[in-house]
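Some notes on the structure that comes next.
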Amino acid sequence: MSSFIVNGGKRLSGEAEVQGAKNSALPILAATVLTKGENVLFNCPRLSDVDASLRILRFLGCEAKEQGEAVIVKSDNLSDSEIPERLMREMRGSIVFLGALLARTGRARLSFPGGCELGPRPIDLHLKALRKMGAKISERHGVIECKADKGLRGAKINLSFPSVGATENIILAAALAEGTTTIINAAREPEICDLCDFLNESGAKIYGSGEGVIVIDGVQELSGASHDIIPDRIEAATLMAAAAITAGEITLRGVIRNHLSSIIPLFEEMGCETGFKNGDMSFSAPQKLRAVPLIRTMPYPGFPTDAQALLMAVAAVCGGTTVFAENIFENRFKHVDGLMRLGADIHVQGRVAVVNGVNELYGARVEATDLRGAASLIVAALRAEDKTEVNGIEYLERGYDGLELVLSSLGADVRKL
Ligand code: EPZ
């Protein structure tokens with residue numbers, strides 16, 4: 001169990017580089033399973049979830065290594081199509097290997113990814129789509145056994161919900177399928193576009209990513225490609241929240257403005273100011289923030305569920321009341337306990353949380369229970385007078401590459417134990 005010790009009350013200022021996007025790196029690493037030849041991924045963040053993906057690739061017989069700022073993967077000698085439970089357990093996102101393995105080998109065997117801190121994480125949309133593409137799938141004793149002996153065939157797939165993971169699994173399965181696949185009501189997140197860009201650079205024929213309808217013309221084979229992973233919009237939102245809660249003034253390098261199109265307006269409504277100049281974003285916050293009355297999480301381009309906990313930490317010290325509606329996950333308010341121990345005034349009722357802003361937060365010992373919840377507690381601790389101990393930092397390291405170093409470089413007093 002590693003911890004952060006935060007001495008709050010320091011105003012953040014200075015410049016920071018935004019890391020590569022975790023939720024882009026993970027599906028792209030799975031996509032390398034489809035290719036023959038060397039893949040070079042630049043701007044790949046150093047995260048425990050990325051390490052878990054590299055371990056899975058090596059287990060499958062691929063060469064996967066980190067070389068300086070890049071990750072290099074060669075899947076020519078892929079020899080297995082099974083991911084053991086111990087590797088599946090490390091990361092729920094490994095379900096995205098299902099579509100890739102099925103497309104490359106015609107088989108896939110992996111244990112059910114299971115729920116996580118955010119509530120049950122069903123994969124019914126994934127399996128229904130793959131069955132429609134010709135996969136025979138059995139789910140028994142916690143293991144998913146898939147076969148497509150005659151290969152996968154293109155299909156028209158209507159998603160009842162624009163699931164990010166289901167959209168990714170379908171794209172990966174369809175890239176080498178026989179014929180054309182059309183996904184209706186596809187997820188539109190920037191990480192989906194980045195995955196499609198990587199696949200098209202490898203020779204795939206994918207059209208319409210970022211729109212609600214994506215068309216994939218299956219091809220015979222894909223070759224390795226070099227690719228720059230997009231910046232992590234949720235890490236950017238985390239650093240904005242850290243600056244907002246400390247009345248700071250920072251510059252973030254390597255930000256893609258339209259990826260933050262539903263996040264920036266909320267900070268501006270609180271009284272923060274942003275500016276953009278050749279890929280850098282300047283961000284400054286007033287001493288006293290105004291409360292945003294209602295914040296609802298939605299599929300992209302709506303306000304992202306991954307930033308909900310971060311904005312809640314800031315809302316805790318805004319002047320006024322903020323209502324949060326969490327429309328994506330069943331149970332994504334676990335950070336509320338920790339925020340209340342730090343002095344926040346929050347009431348939760350199902351998928352709604354009501355935050356009454358307070359003037360100050362006070363140091364305490366708090367426990368993180370999931371990735372973005374951990375980040376939320378750290379943001380709040382930056383404001384709390386005196387010392388806060390945040391335990392459960394292994395959750396944080398799944399998605400943030402040295403956050404304590406980034407925050408310290410901006411003037412925060414954060415130490416990792
Ligand atoms: C991805 O998870 C991200 N993870 C999550 O980020 C992110 O919160 C989520 O998308 C939404 O943007 C990765 O990319 C690795 P979904 P995913 O499928 O694919 C329900 C983080 O903090 N659903 O869009 O699991 C599901 O239960 C992580 O970086 C079904 O019902 O998200 C959930 O309520 C957390 N059946 C909702 O849809 C299915 O078959 C959204 O899930 C699939 C999903």
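Note that the coordinates shown come from a computational prediction; the quantities given were computed from them, not determined experimentally. Read the numbers this way: they start at 1 and go in the same order the structure lists the ligands and their atoms. All values below were derived from every heavy atom in this structure, side-chain atoms included, with hydrogens, water molecules and symmetry-related copies excluded.
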Item to check | Partner set under side-chain hydrogen bond (donor to acceptor under 3.5 Å, both in side chains) for E139, not counting sequence neighbours | outcome: R131
Next on the checklist: So, using side-chain hydrogen bond (donor to acceptor under 3.5 Å, both in side chains) as the criterion, who are the partners of N169 when residues are at least two apart?
Outcome noted: H126
Checklist entry - Do V358 and N356 come within less than 4.5 Å of each other through their side chains, counting heavy atoms only? => result no
Item to check | Any side-chain heavy-atom pair of E90 and M88 under 4.5 Å | outcome: no
Next on the checklist: Test: side-chain hydrogen bond (donor to acceptor under 3.5 Å, both in side chains). Region: residues 406-417. Which pairs qualify, not counting sequence neighbours?
Outcome noted: N7-D413, E397-K416
Next on the checklist: With a 4.0 Å heavy-atom cut-off, what residues sit around ligand 1?
Outcome noted: K22, N23, R92, L118, P120, R121, P122, I123, D124, L125, H126, F161, S163, V164, G165, T305, D306, I328, F329, R332, L371, R372
Checklist entry - Under a 4.5 Å cut-off applied to non-hydrogen side-chain atoms, are V215 and I206 in contact? => result no
